[in-house]
Amino acid sequence: MPPVFFDPSGKRWYRILAGLIVLLCVAAGAVSWILPRALDQTWEQPLNQDIGYPEDLLDSGNPEAIPVVGELTDYAFVRMTLVERTDGRTVLKDPYSDQVFRVLTAAEADDVGDSPYALERFGRPAEGQLMLTFDDGPDGIFTPEILDVLESEGVPATFFNTGTAVVENPDVFRRTIEEGHMVGNHTMTHLADWEDPGLQHREELIGTDRTMRSVGNYGTRLFRFPEGNPELKPLALLQAQQLGYLHVNMDLDTWDWKYGPDETVPLPELDGKGHIAVMHAGGTDRTATVAMLRKFIAEAKTQGYTFTTLAPILPDGYLPTTQVEPEVADDATAFTVVAATVMPGVVNGWLYWFWTGSLVVLSVLCVVLALYAHRRRQRRQWRAFPDEELPLVTVVLPVFNEEPVVSRTLDALRTSDYPALEVVAVDDGSTDGTLRILQDYARDWPQLKVLTQENGGKSVASNQGILIARGEIVITLDGDTLFEPDTIRMLARHFYDHDGTRPVGAVAGQVKVGNRRNLLTMWQSLEYLCGICINRMASGVAGAISVAPGACTAWRRTALQQAGGYSHDTLAEDMDLTLSIQRLGYAVVQENEAVAWTEAPMKVRSLTKQRVRWTYGNLQALRKHSEMILNPKYGALGMAALPYNLVSFLIHLVFLPLVLVLVALSLLSGDWGHFAVIVLVGATVQAIFCLIAMYMVKESPLHLLIVPLYRFIFEPLRAYVIYASLIQVLKGRVVGWYKPERTNSVIDVAAQERSRSAAL
């Protein structure tokens, strides 16, 4: 049977690349077609539409001393105008059309002098007329409260909305329109810096306009600078007019933005004149604004004021329209804004709560189950059997070029206190002195049998040993693994003294890192400790162990025979075999007192290769045994453990890039809150795991030193492993067995542990 995911044609990867290239070309074509249209202004102007015209116009005069004409106070609108002198008259003209706004009085003409342009203030509400305006909305909480007040009082108003807020709260935006209020443009992101207007500033207005057209079929030429002061932004004002927009001023500032939610906003003083009042409908907590608004409306009505939108004083052609048919560019703009501003927050929030919630819930569940299992094991009374009644155990040791370490592995096996023991060592075509060492040991140790074969891989070598095994129980280990003297006895007892309802098919031991020589191996030691002592113990209680490690596991020989031994079509042959045995109805249990010391990779390159192989092999096993997933026949294994493994991989595969981008953006913007919480939660959970694992197996407290660094090593490693494994799946090539470099660096931790336990 070919390996899972194997592509015999060798063309899958090239087809995928070709498909990606086609998709990229289509996307690039769509963007190249839509983008120029999205950047086009929505209100056509007949003259002077070169993007550099506003700056050229200002340079033709003195921008530091722009003459101002029109209303001195209480004016509604501000615009830049051309000054033309013909037939003894001085007139103000629209820079972007042939429209003449008005003729200047003699006094105004004298004030303007020879300037080629002037700033005009014009328009004012009628006496006793109050025009309420609200900036910074729509907000999902406070804008509806403001709308409720306006509706109950029968008061219309004008809202200046930001584009990002429109896409965040589209229903509130549409409600504003439906209830008869007027809406203006307050830029896309509440841009306050207009010192050097350019393309971004154009798009702040155009993008907001297109977004409102898409979301609410609403077109408006009205706009207001965030923080106001249009007279101080002549270039930006000219640019906005070039795009067809009219700036709306205000003359009555409530200063509500200065007050917190628990403070009282003083009521503005009214003098009977017409006014445009400004308040804020979003941006922060506007509780104080809502409270002030009720009182303000009541006071204004008492003084005889009437309320209206800006409609009565708007120049011709500037009344917003509510029947705009959105173009593709409008919808594309709105979609882009949603994707850039709303979706990251939604996804970030969802992932934040999913990550923290699932981590906490699953961690608590695992800890409870692990402690329950530990307590149950402590209370269990194992029956004593005479040595002559113990079943024969066969230890199968597949080796390939293990010359540096195999002697120590055999020495450790010879110290075993289990009497009924045979060892079958299978040399898989080693090219070093491994076979010679095995044969030398066999001469002095009758219990050791040595087989040799052409190089065929670990699974083939293991199966050769299983075929000639005489024991009812078969134990597998790796060539660099050191068993403690009682490990075999601890594993074997589950088969002849079992108290469960299902026959035991496999017993997983506890693998510990024996070469804790640097940060990387210390980290792996902590990972093994928490993963085995907590997670696998918890899974064992639920009957949901998905992997019994080949480095230290005992198998029922009849179960191995029924399952066909180790398969050759996955790299995670231990997971594959574990699932196969459980599909046959056997139980798989965990035994923490069966300890094996192994050599962990000491270099980043070796570690990443190992983890890519593990992850790729696990994906192969999940695919091979996919019918077990969500199958109630297999209990918690099928309904929880396997689906979680798959979903966890897919979620990280899809969202990991976005998470990294969001974290980077949050840190760059100074928002350390979510990141700090995630780090704190992760470290806390890891510390709890570590403490409980240390308590359960009496491990070294030095593991606590690695806890603060755990996620900073684990997350980048997981990111690399996930995508490297996916590439292997897509390529569909045969991935060979990766054998790490043996350094013979496992210290005699077993002796140290025994001494420490004796001292305790």
Side-chain angles (χ1 to χ4, degrees), residues 2-40 167 199-200 203 206-207 210-211 214 326-348 350-351 569-571 604-605 608-609 611-624 626 645-665 668 715-736 738:
V4 177
F5 300 131
F6 176 64
D7 175 27
S9 69
K11 298 179 180 178
R12 180 195 298 162
W13 178 243
Y14 300 104
R15 289 169 180 160
I16 291 173
L17 290 179
L20 289 175
I21 292 173
V22 170
L23 287 177
L24 288 174
C25 290
V26 171
V31 170
S32 63
W33 183 82
I34 293 174
L35 187 59
R37 291 162 176 78
L39 297 178
D40 283 345
V167 297
L199 182 61
Q200 177 192 354
E203 288 314 302
I206 295 173
R210 291 193 178 280
T211 297
S214 175
E327 300 176 356
V328 173
D330 300 330
D331 293 334
T333 301
F335 175 81
T336 302
V337 176
V338 170
T341 62
V342 178
M343 288 307 298
V346 172
V347 174
N348 186 32
W350 184 85
L351 290 176
D569 51 358
T570 71
L571 288 181
V604 173
R605 180 178 176 83
T608 54
K609 283 187 175 181
R611 297 309 171 93
V612 169
R613 174 195 161 271
W614 285 3
T615 303
Y616 178 65
N618 289 346
L619 290 174
Q620 288 179 309
L622 286 173
R623 174 64 183 89
K624 181 177 179 180
S626 58
N645 289 343
L646 181 59
V647 170
S648 178
F649 178 86
L650 294 176
I651 286 179
H652 287 97
L653 176 69
V654 174
F655 292 111
L656 189 57
L658 179 59
V659 170
L660 294 176
V661 170
L662 292 173
V663 168
L665 292 177
L668 290 174
E715 297 299 341
L717 176 63
R718 176 166 63 177
Y720 172 80
V721 164
I722 284 175
Y723 290 101
S725 302
L726 176 65
I727 290 174
Q728 297 294 349
V729 170
L730 297 179
K731 285 184 175 180
R733 298 173 184 170
V734 175
V735 179
Y738 169 68

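- Scanning both residues, Asp330 and Ser214, for their nearest heavy atoms gives O-CB, 3.5 Å.
- Annotation: side chain of Ile727 is in contact with side chain of Trp13 (closest heavy-atom distance under 4.5 Å).
- Residues satisfying the side-chain hydrogen bond (donor to acceptor under 3.5 Å, both in side chains) criterion with Asn618, sequence neighbours excluded, are absent altogether.
- Atoms CZ and CG, on Phe649 and Leu726 in that order, are 5.5 Å from each other to the nearest 0.5 Å.
- Side chain of Thr608 to backbone of Arg605: a donor-acceptor contact under 3.5 angstrom is found.
- Enclosure of atom CZ in Phe335 is not indicated, since only 12 or fewer non-hydrogen atoms of other residues, nucleotides or ligands lie within 6.0 angstrom.
- Of the possible donor and acceptor atoms, one in the side chain of Arg210 sits under 3.5 Å from a partner among the backbone N and O of Asp40.
- Atom CG of Leu730 and atom OH of Tyr723 lie 12.0 Å apart (nearest 0.5 Å).
- With sequence neighbours excluded, no residue forms a side-chain hydrogen bond (donor to acceptor under 3.5 Å, both in side chains) with Glu203.
- Judged purely by atom type and a 3.5 angstrom limit, Asp7 uses its side chain to pair as donor or acceptor with the backbone of Lys11.
- Ser725 has its side chain within reach of Leu619: a pair of non-hydrogen atoms, C-beta onward, lies under 4.5 Å apart.
- Judged as a salt bridge (charged side-chain N to carboxylate O under 4.0 Å, His left out), the pairs with a partner in residues 717-729 (not counting sequence neighbours) are, in order, Glu715-Arg718.
- Put simply, the side chain of Pro657 does not reach to within 4.5 Å of the side chain of His652, judged on heavy atoms.
- In terms of modelled atom types and a separation under 3.5 Å, the side chain of Gln620 and the main chain of Leu571 share a donor-acceptor contact.
- With hydrogens and angles ignored, the 3.5 Å screen pairs a side-chain donor or acceptor of Thr615 with a backbone N or O of Arg611.
- Across Gly617 and Thr570, no two heavy atoms sit closer than the pair O-CB, 4.4 Å.
- Note that the OH atom of Tyr14 and the NZ atom of Lys731 stand 8.5 Å from one another [nearest 0.5 Å].
- Applying the side-chain hydrogen bond (donor to acceptor under 3.5 Å, both in side chains) test to Arg12 and every residue at least two apart in sequence or in another chain returns nothing.
- The shortest heavy-atom contact between Ala334 and Thr211 is CA-OG1, 4.2 Å.
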Which side-chain N or O atoms in residues 28-35 pair as donor and acceptor under 3.5 Å with protein atoms at least two apart or in another chain?
| residue | atom | partner | partner atom | Å |
| --- | --- | --- | --- | --- |
| Ser32 | OG | Ala28 | O | 3.1 |
| Ser32 | OG | Gly29 | O | 2.8 |

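- Every residue two or more places apart in sequence or in another chain that forms a side-chain hydrogen bond (donor to acceptor under 3.5 Å, both in side chains) with Asp569 is listed here: Ser567, Lys624.
- At a threshold of 4.5 Å between non-hydrogen side-chain atoms, the residues Ser626 and Leu622 do not count as touching.
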